[in-house]
S.K.: 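Please read through the structure below; I'll follow up with questions.
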Amino acid sequence: MLTWRNMHVTVRTVSGLLNSFRVIRSRECMCAHGRIRTFTTGRILHNKFFKDLENQFNAARDKVADALPGSQWSPFEMNPNLPPERADIVIIGGGVIGWSIAYWLKKKERVRDGVKVIVVEKDPTYSQASTVLSAGGIRQQFSLTENIQLSLASADFMRNINEHLGVLNQEPVDLQFNHSGYLFVANESVAHIMEENYSTQRFAGAKVSLLSPVQLKEKFPWINTEDVALASYGMENEGWFDPWTLLNAFRQKAISMGVIQSIGEVTGFNCTLNRMETVDGETVDVKRIKHVNVRMPNSREYQPVECAIVVNAAGAFSAKLVDMMGIGTGPKDTLSGLALPVEPRKRFIYVFNCPDGPGLDCPFLVDYSGIYFRREGLGGNYITGTSPEEDAEPDVSNLDVDHEFFQEKIWPSLAHRVPAFESLKVTSAWAGYYDYNTFDQNAILGIHPLAQNMFFATGFSGHGLQQSPAAGRAVAELILDGSYQTLDLNGLGFQRIMAKEPLLEKNIV
Amino acid sequence: MAAPLVPLQRFCKLASLHVCGRRRLWSSSVATPPSLYKRLLLALTQRFYDVEILLNWRSQLKSQALQKKNAYYHYTQEHYGDNVASAYFILNMHGSFRYAGQSEWFRSDSSGKFSWDFVNQKDSLLEEVDLGRTVINQMGLGNLVGNPLRTLSLRGCHEVDDWALARLHVFQDTLEELDISCCPHITIGGLAALRNLKGLRRLNVSSLPRLGSPGLVIIMLEEMLPLCQVTAKGYDLSLTQLGGN
């Protein structure tokens with residue numbers, strides 16, 4: 001407590017809790033040297049004295065608050081960054097899919113705090129996450145009805161995004177959505193596929209129109225329509241937006257609804273094993289996850305989180321989690337050899353500047369040769385990329401950019417399609433991972449037969465961002481309602497992988 | 001809903017968990033400090049769950065009322081046809097319209113009353129529609145689809161945003177004049193959606209507060225729609241000095 005010694009204090013004005021009053025105190029007492037000293041202190045020392053008084057008062061008040069029941073004090077030193085010891089649902093992966101699932105789980109719970117959801121993300125800077133490195137496009141021009149429906153539902157979500165993800169007292173969400181549409185350009189050999197896809201898309205509700213080469217040239221005079229047979233153009237709900245904004249909007253809304261974010265890496269699972277025999281006489285181990293071991297960054301400390309359901313939304317790194325469980329290690333063509341066919345594939349995006357390029361009407365153009373480009377901003381910048389050949393896949397151990405790839409594979413096709421791009425200057429480039437589904441390049445949603453409580457939401461192969469709101473809702477329905485309620489996505493489950501019937505998407509970019 | 005009537009006091013620590021990033025008080029694009037009433041509401045929201053829930057309900061009810069106003073006039077469309085449904089919708093929104101081949105404008109007066117003559121004109125097609133300063137949004141535009149509009153005014157509509165502009169492609173063959181000035185929610189992304197309106201001759205994009213670089217945007221619009229005359233007032237297009245000299 002305070003010791004009042006040798007202080008003659010005059011209080012003039014006091015800030016803080018006390019009202020201003022005038023007090024003159026003088027104290028004379030014996031000090032160590034036997035002299036009596038009284039002195040008047042200046043104004044600064046007055047304020048310091050009372051600030052000190054205030055601090056001491058606050059400290060005393062905090063101590064009392066800690067001692068009373070209901071406080072957070074505990075005699076054991078706990079790492080505050082550890083995730084809680086138990087939760088209902090642990091979502092592994094803090095990208096746009098993971099946070100979308102977390103948001104929809106909280107949206108669909110019927111009672112406040114009905115489900116305790118934790119999202120575990122190993123890299124809070126998102127330096128290697130596919131979400132933020134994506135080109136950010138959304139389209140409905142797919143050949144598979146499920147994909148079209150997912151994209152359409154996601155566009156509807158983004159249309160009213162403030163109704164869904166608006167947090168009271170925060171700024172409204174601005175996705176910076178550019179409604180420029182996608183333009184697919186086909187030559188004679190693939191024109192018939194485009195026509196089939198067109199009828200599927202119209203039937204599913206997408207607003208697409210087909211253009212002949214003459215109409216194409218009229219609409220976009222800067223395109224070279226020499227070898228073009230048909231073009232497919234999206235009129236509504238297509239374009240590109242800012243992925244980071246969507247991710248943050250999901251995250252902030254989910255956290256405001258009570259989802260717990262945990263920064264850490266999943267290093268293992270504790271499972272119970274049930275040895276069962278299939279109809280064909282094969283012995284399989286059916287596993288049920290009991291604990292998820294979450295290790296803190298730069299530390300060996302880990303927390304085993306006891307949980308009921310685990311969601312694998314780890315994107316390009318989903319297969320690691322499945323290996324940790326020991327699934328898919330059996331002989332091929334058996335149930336125990338059914339691994340998750342998702343692997344990371346590196347894709348490059350190059351930013352270039354071309355002052356004479358197409359203007360505000362530039363859509364997200366996808367050529368039949370595989371290259372794509374879109375406008376970025378208003379300064380004549382564009383971003384472009386393409387998928388490499390199957391046998392020339394770049395190394396996935398790092399995210400270094402291969403500039404030769406642009407010179408050899410992209411520039412010739414770009415210049416052929418848009419003559420103005422013959423003179424351009426590459427200003428920047430980056431690389432990101434696709435969570436590539438090697439089986440059929442479509443999403444995998446649902447449960448693995450050998451992992452009873454792990455739900456998968458991965459393998460989107462480049463469409464994760466545009467399908468994230470609808471895919472999150474679908475997985476939340478699977479978890480909380482037991483089956484799909486709004487969109488029937490049973491075709492995207494593990495059944496097709498077990499039966500070896502690929503659901504091929506003919507419009508991969 | 002647990003403990004409905006007793007206001008639950010929230011711990012400030014819990015409330016701080018819900019704050020991600022900088023919290024702004026009911027921020028809008030206008031940088032005026034919020035009034036005392038708003039500050040009081042914010043303080044109460046941060047301390048009491050009940051106030052937060054009530055305010056959430058209030059904003060949900062407002063947006064539901066807006067959606068109701070903009071709903072598709074299915075009943076009218078079924079019984080009277082598309083044209084009457086569109087006309088009825090416009091009059092209910094306090095807008096006005098003119099039929100093709102006639103020079104008389106149908107509008108409602110200040111108290112919302114209007115004459116019902118339009119019901120008899122089932123086959124007349126709408127040519128000019130003025131929905132300025134109404135609460136029409138992208139859903140409401142679905143009521144106007146199917147009319148060969150030549151003039152559309154959405155001046156000063158607070159609910160018209162980029163998605164509404166994206167729906168205008170249905171008028172791409174007939175629309176000649178479009179007025180979207182003073183709409184606070186339109187950005188460059190929505191203006192890119194106007195690329196489909198190749199028949200547009202007059203476009204008014206004055207006073208759009210969310211355009212970052214209006215001079216550049218106007219030039220790009222003129223480039224995108226070469227036959228269109230773009231009017232853009234209300235911007236400060238003077239060249240700003242960069243750095244020293």
Side-chain angles (χ1 to χ4, degrees), chain A residues 65 70-72 111-113 155-156 158-163 166-172 174-181 207 209 215 218-221 233-242 248-249 251-258 260-261 358-363 375 377-380, chain B residues 1-2 11 13 17-29 38 41-42 45-46 49 52 55-56 59-60 63-64 67 137-139 161-170 172 185 187-196 198 210 212-213 216-217 219-226:
Chain A
S71 73
Q72 309 282 333
V111 293
R112 183 194 284 278
D113 295 333
D156 280 335
M158 287 187 232
R159 186 189 289 271
N160 301 315
I161 194 157
N162 272 301
E163 252 179 58
V167 181
L168 210 56
N169 315 330
Q170 300 261 24
E171 296 227 16
D174 175 24
L175 279 183
Q176 294 163 48
F177 201 109
N178 269 279
H179 297 261
S180 291
K207 311 260 195 307
S209 64
Q215 289 171 327
E218 208 187 290
K219 253 186 148 67
F220 305 107
Y233 186 42
M235 312 290 277
E236 256 189 74
N237 298 330
E238 291 195 352
W240 59 87
F241 58 95
D242 181 22
N248 260 338
R251 197 168 108 205
Q252 295 199 7
K253 183 70 180 180
I255 291 183
S256 83
M257 290 162 111
I260 300 163
Q261 179 181 22
L360 203 55
D361 58 344
C362 179
R375 177 181 58 86
L378 298 175
Chain B
M1 187 88 97
F11 284 101
K13 292 175 194 164
L17 272 181
H18 297 260
V19 174
C20 307
R22 198 162 48 97
R23 241 182 202 236
R24 289 234 251 146
L25 303 166
W26 321 103
S27 58
S28 57
S29 41
K38 291 207 161 118
L41 272 186
L42 174 65
T45 313
Q46 285 176 325
Y49 280 123
E52 185 190 7
L55 290 177
N56 269 328
S59 68
Q60 270 175 26
S63 70
Q64 274 171 16
Q67 301 290 39
N137 70 8
Q138 21 137 334
M139 256 178 62
D161 58 4
D162 296 342
W163 293 90
L165 289 187
R167 285 197 82 163
L168 291 181
H169 72 88
V170 291
Q172 63 183 342
H185 291 293
T187 68
I188 179 73
L191 293 178
L194 298 178
R195 69 195 181 287
N196 290 313
K198 286 299 180 189
R210 288 182 71 176
S213 36
L216 184 55
V217 170
I219 294 173
M220 298 196 87
L221 274 177
E222 284 171 359
E223 203 183 279
M224 181 169 84
L225 300 166

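By convention in this document, chain letters (A, B, ...) are assigned in the order of the sequence lines, proteins followed by strands, and residues within each chain are numbered from 1.
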S.K.: Chain B heavy atoms under 4.5 Å from F241(A): which part of the residue, side chain, backbone, both or neither?
M.R.: neither
S.K.: Is chain B contacted by the side chain of E163(A), its backbone, both, or neither, given a heavy-atom distance below 4.5 Å?
M.R.: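 Contact with chain B involves the side chain of E163(A) alone.
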S.K.: Just so I understand: if I count every heavy-atom pair under 4.5 Å between each of Q176(A), R375(A), M158(A) and chain B, which residue has the most?
M.R.: M158(A)
S.K.: For the residue pair R167(B) and K207(A), establish whether any side-chain heavy-atom pair is separated by less than 4.5 Å.
M.R.: no
S.K.: Counting heavy-atom pairs under 4.5 Å with chain A, which one of S59(B), A193(B), A166(B) comes out on top?
M.R.: A166(B)
S.K.: Between Q64(B) and chain A, with a heavy-atom cut-off of 4.5 Å, which part of the residue counts as in contact: side chain, backbone, both or neither?
M.R.: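 Nothing of Q64(B), per the 4.5 Å heavy-atom cut-off to chain A.
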S.K.: Checking Q172(B) against chain A: side chain, backbone, both or neither under 4.5 Å from a heavy atom?
M.R.: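 When you check distances to chain A, only side chain atoms of Q172(B) fall under 4.5 Å.
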S.K.: Quick one: are V170(B) and M235(A) in side-chain contact, heavy atoms under 4.5 Å?
M.R.: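 No, their side chains stay 4.5 Å or more apart.
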S.K.: Taking the side chain as every heavy atom from C-beta outward, state whether Y49(B) and R112(A) have any pair of such atoms under 4.5 Å apart.
M.R.: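 Sidechains of R112(A) and Y49(B): in contact.
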S.K.: Measure the shortest side-chain to side-chain distance between L191(B) and M220(B) over non-hydrogen atoms and say whether it is less than 4.5 angstrom.
M.R.: no
S.K.: Are any non-hydrogen side-chain atoms of H185(B) and L165(B) less than 4.5 angstrom apart?
M.R.: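 With C-beta onward as the side chain, the pair stays apart.
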S.K.: Quick one: of S180(A), G239(A), G359(A), who has the most non-hydrogen atom pairs under 4.5 Å with chain B?
M.R.: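 Winner by heavy-atom pair count: S180(A).
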S.K.: Can you check whether L360(A) reaches I188(B) side chain to side chain, under 4.5 Å on heavy atoms?
M.R.: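 Result yes, sub-4.5 Å side-chain heavy-atom pair found.
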S.K.: Please flag which part of N248(A) lies under 4.5 Å from any non-hydrogen atom of chain B: side chain, backbone, both or neither.
M.R.: neither
